[in-house]
Q: 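One structure is given below, represented as structure tokens, and several questions about it will come after.
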2 protein chains.
Amino acid sequence: MSRIDRILASAEQHCREQGARMTPRRRQVMNLLLAQAGPQSAYQLLDQFKDRYQSNAQPPTIYRALDFLVQQGLAHRLSSTNQYLACDHITCRHGHKGTVFLLCDECGGVQETPLAGAAVSELEQTLDTLGFEIQQEPLLEVHGRCANCAL
Amino acid sequence: MSRIDRILASAEQHCREQGARMTPRRRQVMNLLLAQAGPQSAYQLLDQFKDRYQSNAQPPTIYRALDFLVQQGLAHRLSSTNQYLACDHITCRHGHKGTVFLLCDECGGVQETPLAGAAVSELEQTLDTLGFEIQQEPLLEVHGRCANCAL
DNA sequence: GAAGGTTATGTTATAACATAACAGATAAGG
DNA sequence: CCTTATCTGTTATGTTATAACATAACCTTC
Ligand SMILES: [Zn+2]
Ligand SMILES: [Zn+2]
Ligand SMILES: [Zn+2]
Ligand SMILES: [Zn+2]
């Protein structure tokens, strides 16, 4: 059983628990996300989807699947680059309080990492003081240069 | 001297110090941003720009001015909503380390607030450990409901 | 104050990203 | 079954952003 198959199985497990349906289309898109090292745009995914699964597929097919996967926390959308990627922590279910994405502007790679606990509670306190009710776990997108590219 | 004029003067001062040119076009776009309470899309700004300054203006006119203002730290781009707004702290020059935007999904309003210092240094430490060199001050966009709309 | 480099703007066209709307198919529950 | 909700196919369109090239304004240096 490959790495991808393991993660897919974990994702299906997650969906069953949530009463959500992991349909063939959604699994196919998830598979495309997992097959790729870096983040991809919706239209890149569409091209691959057409190559691999359904040559006449249209944008809504991809966007719907992505919306579903993002809602389920199985994938993430990077709003600063309009890209999507599979969650790097599907098998370990730690949630996404204070998740940080390190986006390398040089190689295009992304690293997903949790933020230290204290920083998260500080943020929560700030919001609390202002009476702001959070509705989606906030994701921080940090642009820069990764360790590899800095060499 | 109105509030807007004061901020514009401060913005020009900032540009002079940076050796950047606050041209008429850029000042006009800045003025539009300041005249508005909430964030606006580039095309909304374009419409206002056409109404008010130049009826045949095209998208690049707005995008170029916005890019300049964002680079100078006089305005911000909210990537999660594709909107732009004037910086709320132009006159007090505190920089933008750990700036948080609270976006109310109900009324569309935005509040710009600094994040507590400890949280910022925790983030820096996390990046440091991973050998990631930050290149743009990261902005955190938090979606939810503001105190006013929660009543 | 003319020459030549640099930065900003005008202009046309198009690329890239995303969704509305409706019809038809498939699954879940009684 | 039959009903209802959800998912998918399909067409069209809306929204956001930039490429590319021409022209104009600015700034230095001679
Ligand atoms: Zn994740
Ligand atoms: Zn890199
Ligand atoms: Zn600001
Ligand atoms: Zn509100």
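Below, each value reflects all heavy atoms present in this structure, side chains not excepted, and no hydrogens, waters or symmetry copies. In the text below, chain A, chain B and the rest are named by the order of the sequence lines, each starting its count at 1. A quick note: this is a predicted structure, and the numbers were derived from the prediction, not measured.
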Q: Could you tell me the separation between the NZ atom of Lys50(A) and the P atom of dG9(D), rounded to a whole number of Å?
A: 14 Å
Q: How many Å lie between CD on Gln71(A) and P on dT6(D), as a whole number?
A: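 Interatomic distance, CD of Gln71(A) to P of dT6(D): 12 Å.
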Q: With distance as the sole test, does Gln136(B) use its side chain to make a donor-acceptor pair with the main-chain N or O of Ile134(B) at under 3.5 Å?
A: no
Q: Do the side-chain N or O atoms of Asn82(A) get closer than 4.0 angstrom to the phosphate oxygens (OP1, OP2) of dA16(C)?
A: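 Negative; the distance criterion is not met.
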Q: Can you check whether Arg77(B) has a side-chain N or O nearer than 4.0 Å to OP1 or OP2 of dA17(D)?
A: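 Answer yes for this pair, as a side-chain N or O of Arg77(B) is under 4.0 Å from OP1 or OP2.
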Q: According to a strict under-4.0 Å criterion, is Asn56(B) in side-chain N/O contact with OP1 or OP2 of dT11(C)?
A: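 Yes, because at least one side-chain N or O of Asn56(B) sits under 4.0 Å from OP1 or OP2 of dT11(C).
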Q: For Ile62(B) and dT11(C), give me the distance from atom CD1 to atom P, rounded to whole Å.
A: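 Taking atom P of dT11(C) as the reference, CD1 of Ile62(B) is at 14 Å.
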Q: Is the phosphate of dT7(C), meaning OP1 or OP2, less than 4.0 Å from a side-chain N or O of Arg64(B)?
A: no
Q: So what does Gln54(A) hit on the nucleic acid, given a heavy-atom distance under 4.0 Å: a base, only sugar-phosphate, or nothing?
A: sugar-phosphate
Q: Quick check against the 3.5 Å criterion: does Arg26(A) have a side-chain atom that pairs as donor or acceptor with the backbone of Arg21(A)?
A: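 The answer is yes, because a donor-acceptor pair under 3.5 Å joins these two groups.
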Q: Whether the side chain of Tyr43(B) and the base of dA17(D) hold a donor-acceptor pair under 3.5 Å is what I'd like checked.
A: yes
Q: Using centres under 5.5 Å plus planes under 30 degrees as the test, is Tyr63(A) stacked with dT19(C)?
A: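 Tyr63(A) vs dT19(C): stacking no.
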Q: Specify the separation, in whole Å, of atom CG of Leu45(A) and atom P of dA18(C).
A: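 My rounded result for the distance is 11 Å.
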Q: Should Arg21(B) be listed as having a side-chain N or O under 4.0 Å from OP1 or OP2 of dT7(C)?
A: no
Q: Within this structure, what is the CG-OG distance for the pair Leu74(A) and Ser10(A), rounded to the nearest 0.5 Å?
A: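 Going from the CG atom of Leu74(A) to the OG atom of Ser10(A) covers 8.5 Å.
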Q: The side chain of Pro59(B) lies closest to which of these nucleotides: dT11(D), dT18(D), dT9(C)?
A: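 Nearest to the side chain of Pro59(B) among the choices is dT18(D).
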Q: Would you say Glu141(A)'s side chain and Ser79(A)'s backbone share a donor-acceptor pair under 3.5 angstrom?
A: yes
Q: Measure from CG on Asp67(B) to C1' on dA17(D) and round the result to the nearest Å.
A: 10 Å
Q: Quickly work out the Leu46(A) CG to dG9(D) P distance and round it to whole Å.
A: 12 Å
Q: With respect to the phosphate group of dA17(D), does any side-chain polar atom (N or O) of Tyr84(B) fall under 4.0 Å of OP1 or OP2?
A: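 So the side-chain polar atoms of Tyr84(B) do come within 4.0 Å of the phosphate oxygens OP1 or OP2 of dA17(D), strictly under.
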Q: Step by step, work out the side-chain contact (heavy atoms from CB on, under 4.5 Å) result for Leu85(B) and Phe101(B).
A: CA-CA 11 Å; Leu85(B) 39 40; Phe101(B) 293 92; 4.2 Å; yes
Q: Ignoring backbone atoms, test whether Arg25(B) places a side-chain nitrogen or oxygen under 4.0 Å from the OP1 or OP2 oxygen of dG10(C).
A: yes
Q: Provide, to the nearest angstrom, the distance between the CG atom belonging to Leu66(B) and the P atom belonging to dT18(D).
A: 11 Å
Q: Send over the distance from Arg26(B) CZ to dA8(C) C1', rounded to a whole Å.
A: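 Taking CZ of Arg26(B) and C1' of dA8(C), I get 6 Å after rounding.
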Q: Go through the steps to decide whether Ser80(A) and His143(A) satisfy the test side-chain contact (heavy atoms from CB on, under 4.5 Å), and finish with yes or no.
A: CA-CA 9 Å; Ser80(A) 67; His143(A) 284 262; 2.9 Å; yes
Q: Please tell me which of Gln58(B) and Pro24(B) maps to the more 5' nucleotide of DNA chain C, matching each residue to the nucleotide holding its nearest heavy atom.
A: Pro24(B)
Q: Would you indicate which nucleotide in dC17(C), dT9(C), dA17(D) comes nearest to any side-chain atom of Thr23(B)?
A: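 My answer, after comparing the listed nucleotides, is dT9(C).
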